[in-house]
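Order of the sequence lines sets the chain letters (A, B, ...), proteins ahead of strands, with each chain counted from 1. This one's a predicted model, so the numbers in the text were calculated from it and none came from an experiment.
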Protein chains: 2
Amino acid sequence: MSPHPPRSTIADVARRAGVSKATVSRFLNHRDTLLSPEIAQRVEAAIEALAYTPSPMARALKRGRSRLIGLVVADITNPYSVAVLSGAEQACRQAGYLMMLFNLANERERESVGLQMLSSYQVEGFILNTLGLEQGAVLKSVLQDRPVVLVDRLYQGLEVDFVSLDNVQAIDACFDHLMAAGYRDFLFVTEPLGAVSSRIERVRACEARLAALAPAAEGRWVEAGADDPDGLARALQDARAGARRPPAVIAANGVVTMRIVAAVTALGWRLGEEIGLIGIDDTSWAPYVGPGISAVAQPTDALGSLAARCLIERIGGLAVPARTIRLPGTLMARGSTRLTP
Amino acid sequence: MSPHPPRSTIADVARRAGVSKATVSRFLNHRDTLLSPEIAQRVEAAIEALAYTPSPMARALKRGRSRLIGLVVADITNPYSVAVLSGAEQACRQAGYLMMLFNLANERERESVGLQMLSSYQVEGFILNTLGLEQGAVLKSVLQDRPVVLVDRLYQGLEVDFVSLDNVQAIDACFDHLMAAGYRDFLFVTEPLGAVSSRIERVRACEARLAALAPAAEGRWVEAGADDPDGLARALQDARAGARRPPAVIAANGVVTMRIVAAVTALGWRLGEEIGLIGIDDTSWAPYVGPGISAVAQPTDALGSLAARCLIERIGGLAVPARTIRLPGTLMARGSTRLTP
DNA sequence: TTGTATGCGTTATCAC
DNA sequence: GTGATAACGCATACAA
């Protein structure tokens with residue numbers, strides 16, 4: 001008695017139905033055409049009886065196509081990544097693809113490993129949301145001309161479809177809201193820029209808007225890593241010190257928003273009183289921290305499903321130039337930007 | 001010119017190195033033994049030159065073993081799931097396994113689909129954190145005697161390794177802390193019980209403790225689904241109405257904690273003043289909502305990596321009776337349970 | 001120590 | 001319409 005009652009194969013089905021393997025295969029793949037109803041019946045019954053399921057592995061080996069899509073995320077701990085992932089996964093599933101996930105856990109050494117791994121599983125395409133440090137050339141070789149779509153982060157020298165938040169619109173929305181609320185002194189806080197395009201874009205958008213607003217309003221930006229909470233606290237204090245009225249802080253994403261909340265709490269300040277706060281990424285907790293934290297919600301679901309759809313189109317053979325899709329964010333005004341003069 | 005420069009295979013390597021395919025295969029699998037250094041050199045060089053990577057698919061097909069582990073999570077949107085996943089993924093990786101993820105998105109129809117899918121990819125074992133509604137018998141058939149370890153949620157009629165928070169200890173820790181803080185009136189809030197064993201265990205632990213504490217303390221428990229915020233609000237009001245001093249609410253998990261925070265906010269109450277709150281699951285935002293929310297932190301990383309390790313032991317052939325591993329939680333005391341009489 | 005041959009579960013190309 | 005048969009990329013029993 002074998003411990004693993006081995007899965008039934010196409011051969012088993014063929015035997016039981018009294019037909020050839022080829023016929024069973026035809027039933028599986030071209031059920032509609034080329035099959036006499038009587039035989040189809042028998043095959044179907046045999047499949048049913050044996051609880052037969054095709055082996056995607058063998059199928060992929062033979063066909064060269066795996067019905068697999070590879071997703072690389074920078075950090076699955078980030079709710080943004082998960083939200084995008086959910087959207088993408090749904091779209092993939094609807095199109096009959098399965099998603100293989102590779103999480104970088106923010107370690108850039110893992111980037112090429114992940115790509116290799118996914119690649120070796122014959123994924124038909126990649127959705128990438130990575131650290132962006134790999135060289136374009138290296139990247140291209142492991143990608144092997146398979147379709148790629150980038151989410152949120154652009155790769156230098158890789159001209160492929162790109163789906164992302166409209167960072168300029170999002171930053172502008174923050175400033176519009178803040179100006180209307182009466183704020184005139186600003187501090188933009190981002191994670192260390194590195195080579196991450198979305199971070200850079202947001203900073204640039206911020207600088208541009210600040211330049212346009214001067215001299216009615218003024219501000220600057222700082223990087224705040226996880227390792228230096230004191231630096232962030234000092235930056236906040238400086239912002240307050242140099243301002244006539246409460247300044248407003250703009251957080252580049254949800255992670256930074258949390259760090260700012262921590263710093264503000266440590267300083268004993270109240271959001272919306274001593275300091276204003278708005279951030280990109282609307283998190284589940286934003287409404288309940290302090291007086292509620294204002295935020296620009298990203299259309300994460302749409303981003304994910306669009307990315308998947310673009311990729312699947314490419315896999316299907318679509319050959320148009322690289323597309324860039326920018327989706328607008330939605331401003332959620334809450335107490336943290338209700339300036340009380 | 002073909003669009004996909006096809007990946008090089010073992011045959012290409014063999015040709016380039018001037019050896020047989022078998023030799024290359026030996027180099028790959030038994031590098032240490034059975035190989036003359038000179039030939040090994042040549043093979044290695046060829047592999048390098050061609051950037052050859054073995055096809056895990058073909059390998060799995062031949063060997064019957066895929067080096068894949070299937071993980072089914074109830075809801076990837078839940079940070080608890082992600083945290084466990086991270087821990088498990090790391091352990092798998094260290095042991096040379098790749099994890100295939102299937103997210104149920106809380107839809108129970110997907111449960112059997114997911115199992116089938118993973119199963120068809122020849123995963124060598126399963127880590128399951130599911131909705132728990134599938135029949136044991138059905139389950140067994142798709143599992144096909146492959147090793148399984150359950151995380152957080154027990155399956156009726158499936159005697160396999162199980163890794164989870166020590167729910168009794170966690171609930172007791174809550175009560176100990178709450179009693180010490182001076183609370184005497186309690187309300188335990190859980191997601192609808194359904195067939196989810198962890199929810200049931202926590203309620204039972206709560207009932208037991210309440211019974212032991214009576215009549216010095218008293219309380220009850222309620223289910224609070226996402227669809228009925230009013231019901232939760234009423235339950236909270238009832239709890240306050242019937243109590244001499246502020247009652248304490250115990251949330252069965254992070255999701256419920258968030259719902260309670262929303263309800264308390266809507267009622268205009270302050271945590272730690274009109275009402276106490278402690279919850280299982282220490283979330284990133286817990287320290288920053290109101291005066292900070294007390295919580296019992298789950299050792300999510302350890303849970304995940306233990307689950308993976310157990311599974312890998314089983315895959316390796318370990319044949320001991322089903323093990324049950326319960327890890328203690330860690331109480332984080334914050335402002336929400338600082339009773340101010 | 002190395003090469004030859006076979007088969008893993010499929011699909012595709014031929015015949016019939 | 002349907003059935004042999006080869007091939008996908010690899011690992012292994014066996015022969016040399």
Taking the side chain of [X] as heavy atoms from C-beta outward, which of [options] is closest to it?
| X | options | answer |
| --- | --- | --- |
| B:I10 | D:dC10, C:dT11, D:dT2 | D:dC10 |
| A:A22 | D:dT2, C:dA12, D:dA13 | C:dA12 |
| A:T9 | D:dG3, D:dG9, C:dG9 | C:dG9 |
| B:S36 | C:dT1, C:dG9, C:dG3 | C:dT1 |
| B:R63 | D:dT12, D:dC10, D:dC8 | D:dT12 |

- prompt: Does a nitrogen or oxygen in the side chain of A:S20 sit under 4.0 Å from OP1 or OP2 of D:dT2?
  reply: no

query: Of all of residues 42-61 of chain B, which get a heavy atom below 4.0 angstrom from DNA chain C, listed by number?
result: B:L61

Give every donor-acceptor pair under 3.5 Å between a side-chain atom in residues 48-63 of chain B and any protein atom, sequence neighbours left out.
{"unit_1": "B:S55", "atom_1": "OG", "unit_2": "B:M57", "atom_2": "N", "d": "3.3"}
{"unit_1": "B:S55", "atom_1": "OG", "unit_2": "B:A58", "atom_2": "N", "d": "3.1"}
{"unit_1": "B:R63", "atom_1": "NH1", "unit_2": "B:N29", "atom_2": "OD1", "d": "3.4"}

Starting at atom [atom1] of [X], determine the distance to atom [atom2] of [N], rounded to an integer number of angstrom.
| X | N | atom1 | atom2 | value |
| --- | --- | --- | --- | --- |
| A:Q41 | D:dG1 | CD | P | 17 Å |
| A:R7 | C:dG9 | CZ | P | 9 Å |
| A:F27 | D:dT2 | CZ | P | 12 Å |
| B:R65 | D:dC10 | CZ | P | 17 Å |
| B:R15 | C:dG3 | CZ | P | 14 Å |
| A:Q122 | D:dC8 | CD | C1' | 10 Å |
| A:L35 | D:dT2 | CG | C1' | 9 Å |
| A:R26 | C:dC14 | CZ | C1' | 11 Å |

- prompt: If you take atom types as modelled and just measure distance, does the side chain of B:K62 reach the base of C:dG7 with a donor-acceptor pair under 3.5 Å?
  reply: yes

- request: Apply side-chain hydrogen bond (donor to acceptor under 3.5 Å, both in side chains) to B:D152 and B:S198, showing your working.
  value: CA-CA 6 Å; B:D152 187 69; B:S198 53; 3.0 Å; yes

Counting heavy atoms not belonging to [X], are there more than 12 under 6.0 Å from its [atom1]?
| X | atom1 | result |
| --- | --- | --- |
| B:Q116 | CD | yes |
| B:E107 | CD | yes |
| B:E159 | CD | no |

task: May I ask you to say what A:V19 touches in the nucleic acid, namely base, sugar-phosphate or nothing, with a heavy-atom cut-off under 4.0 Å?
output: sugar-phosphate

- request: Tell me which of A:G18 and B:N29 sits closer to the 5' end of DNA chain D, going by the nucleotide each one is nearest to.
  value: A:G18

- request: List the steps and the verdict of side-chain hydrogen bond (donor to acceptor under 3.5 Å, both in side chains) for A:S164 and A:R153.
  value: CA-CA 8 Å; A:S164 133; A:R153 297 165 182 202; over 6 Å; no

message: Determine whether B:R110 and A:E89 satisfy the following criterion, salt bridge (Lys or Arg N to Asp or Glu O under 4.0 Å), listing intermediate values before the conclusion.
response: CA-CA 13 Å; B:R110 301 199 59 198; A:E89 199 260 333; 3.4 Å; yes

